[in-house]
Amino acid sequence: MNIESLSKEEYGDDYNSAVLEQWKTCVEMANSNAEKRISSNNVFITLNSALLAVISFSLDYKSILLSVVGIVLCILWKKSIDNYRRLGKMKYLIIDEMEKKLPFTPFLCEWKELKNNPKYSTLTKTEKFMPRIFIALFSLAILLPIVIRIIQ
């Protein structure tokens, strides 16, 4: 990936300071993306928790409909996680390229170390566990009224 539009010679004397400032901006944007990702997850957790609370009060046909809504929310949540992951990955690829112009490469070194750590699990894997739990609970909320109806 070549992100450089002008060479050092073409840009002039302020090239190094411009690279550093643009790198800082990219790091801030990556952090902002991570904060939005956390906020998005919090919204989905709140919505799904509220749905489960309502469902738990009435295990009937309404709970089946609400559970379907919950499962759809979880599918959207997983897509949101994937999109934030892709966006974050791209931002850090760009930051890594920019770091090659700087004397230190902290993000690149951090990523290399994490990849070599067998105990490291990506945040995305952990995040995707939550929608799966909610889907299982919503599925149970769909099956339970059906089973109760059959038994009666």
Side-chain angles (χ1 to χ4, degrees), residues 1-57 62-144:
M1 171 189 309
N2 183 13
I3 61 169
E4 188 174 52
S5 60
L6 294 173
S7 69
K8 190 173 185 174
E9 295 75 29
E10 292 172 312
Y11 191 87
D13 293 337
D14 293 336
Y15 180 84
N16 292 334
S17 61
V19 169
L20 180 60
E21 287 306 312
Q22 287 182 346
W23 178 85
K24 287 179 188 178
T25 301
C26 287
V27 170
E28 287 173 17
M29 288 171 44
N31 287 335
S32 173
N33 184 59
E35 289 170 9
K36 289 176 188 173
R37 182 175 176 164
I38 291 167
S39 294
S40 174
N41 285 333
N42 288 337
V43 167
F44 281 109
I45 288 170
T46 302
L47 289 172
N48 283 299
S49 297
L51 270 176
L52 277 176
V54 169
I55 290 167
S56 69
F57 286 109
K62 291 177 211 165
S63 65
I64 293 172
L65 292 174
L66 289 174
S67 294
V68 170
V69 170
I71 289 171
V72 169
L73 272 175
C74 289
I75 292 167
L76 293 173
W77 186 4
K78 286 180 72 179
K79 288 183 180 280
S80 172
I81 291 169
D82 287 336
N83 285 332
Y84 275 114
R85 179 189 55 81
R86 282 186 207 101
L87 183 59
K89 188 174 184 177
M90 184 53 64
K91 287 186 181 303
Y92 281 104
L93 284 173
I94 291 169
I95 288 168
D96 290 346
E97 282 299 310
M98 292 178 84
E99 280 187 347
K100 292 176 182 175
K101 306 278 183 199
L102 299 171
F104 296 99
T105 58
F107 287 105
L108 193 57
C109 289
E110 177 183 34
W111 187 239
K112 283 180 184 176
E113 289 299 316
L114 286 173
K115 279 180 154 180
N116 293 328
N117 184 342
K119 293 182 180 181
Y120 175 72
S121 177
T122 66
L123 180 60
T124 302
K125 286 181 184 176
T126 307
E127 280 176 308
K128 283 186 175 183
F129 189 67
M130 288 301 293
R132 289 181 184 130
I133 289 172
F134 278 108
I135 287 172
L137 292 171
F138 288 126
S139 298
L140 185 61
I142 289 171
L143 292 175
L144 199 56

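For this chain, numbers begin at 1 and follow the sequence in order.
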Item to complete: Mind checking the CD1-CD spacing from Ile94 to Gln22? Nearest 0.5 Å is all I need.
Response: 11.0 Å
Worksheet item: Are any of the side-chain heavy atoms of Lys101 and Asn16 separated by less than 4.5 Å?
Response: no
Worksheet item: Given side chains that start at C-beta, do those of Ser63 and Leu144 come closer than 4.5 Å, heavy atoms only?
Response: no
Item to complete: Output the distance between atom NZ (Lys89) and atom CG (Asp96), rounded to the nearest 0.5 Å.
Response: 11.5 Å
Worksheet item: Atom OH in Tyr15, atom OG in Ser7: separation rounded to 0.5 Å?
Response: 7.5 Å
Item to complete: Grab the two heavy atoms, one from Glu99 and one from Leu108, that are nearest each other, plus how far apart they are.
Response: OE1-N, 3.2 Å
Item to complete: For the residue pair Asn83 and Leu87, establish whether any side-chain heavy-atom pair is separated by less than 4.5 Å.
Response: no
Practice prompt. Test side-chain contact (heavy atoms from CB on, under 4.5 Å) on Phe138 and Leu51 and set out the steps.
Written response: CA-CA 9 Å; Phe138 288 126; Leu51 270 176; 4.0 Å; yes
Item to complete: For Tyr120, look at atom OH and say whether over 12 heavy atoms of other residues, nucleotides or ligands are found less than 6.0 Å away.
Response: yes
Worksheet, complete the sentence: Separation between CH2 (Trp111) and OG1 (Thr105), nearest 0.5 Å, reads 15.0 Å
Discussion item. Testing the basics here: between Trp23 and Pro106, what is the closest heavy-atom pair and its distance to 0.1 Å?
Written reply: CZ2-CG, 4.4 Å
Item to complete: For side-chain contact (heavy atoms from CB on, under 4.5 Å), just list the numbers for Asn48 and Leu52, CA-CA rounded to whole Å, side-chain angles, deciding distance to a tenth of an Å, and then say yes or no.
Response: CA-CA 6 Å; Asn48 283 299; Leu52 277 176; 5.7 Å; no
Worksheet item: For Asp13, what residues pass the side chain to side chain contact (heavy atoms under 4.5 Å, CB included) criterion, not counting sequence neighbours?
Response: none
Response to the item:
Rounded to the nearest 0.5 Å, the OG atom of Ser67 sits from the CD1 atom of Ile142 at a distance of 5.0 Å
Fill in: Test: Glu127 and Arg85 ion pair at under 4.0 Å
no
Discussion item. For the backbone of Thr46 and the side chain of Ser49, can you confirm whether one donor and one acceptor N or O come within less than 3.5 Å of each other?
Written reply: no
Worksheet item: Can Met29 and Ile95 be said to form a side-chain contact (heavy atoms from CB on, under 4.5 Å), step by step?
Response: CA-CA 10 Å; Met29 288 171 44; Ile95 288 168; over 6 Å; no
Practice prompt. Taking the side chain as every heavy atom from C-beta outward, state whether Ile38 and Asn42 have any atom pair closer than 4.5 Å.
Written response: yes
Discussion item. Looking at every heavy atom in both Ala141 and Ile64, which two are closest together, and how far apart are they?
Written reply: O-CG1, 4.5 Å
Fill in: Tyr84: ring-ring contact (aromatic ring centres under 6.0 Å, His included) partners, not counting sequence neighbours
none
Worksheet entry | Taking every non-hydrogen atom, the tightest pair across Met98 and Val19 | CE-O, 3.8 Å
Item to complete: Provide the closest heavy-atom pair for Ile45 versus Phe134 in the form atom of the first, atom of the second, distance.
Response: O-CZ, 4.2 Å
Which atom pairs, donor and acceptor, lie under 3.5 Å between side-chain atoms of residues 69-80 and protein residues at least two apart or in another chain?
from	atom 1	to	atom 2	distance (Å)
Trp77	NE1	Asn41	OD1	2.8
Ser80	OG	Ser40	OG	3.2

Discussion item. Tell me whether Lys91 at atom NZ has more than 12 heavy atoms from other residues, nucleotides or ligands lying less than 6.0 Å away.
Written reply: yes
Fill in: Rounded distance (nearest 0.5 Å) linking atom CE of Met90 with atom CZ of Arg86
11.0 Å
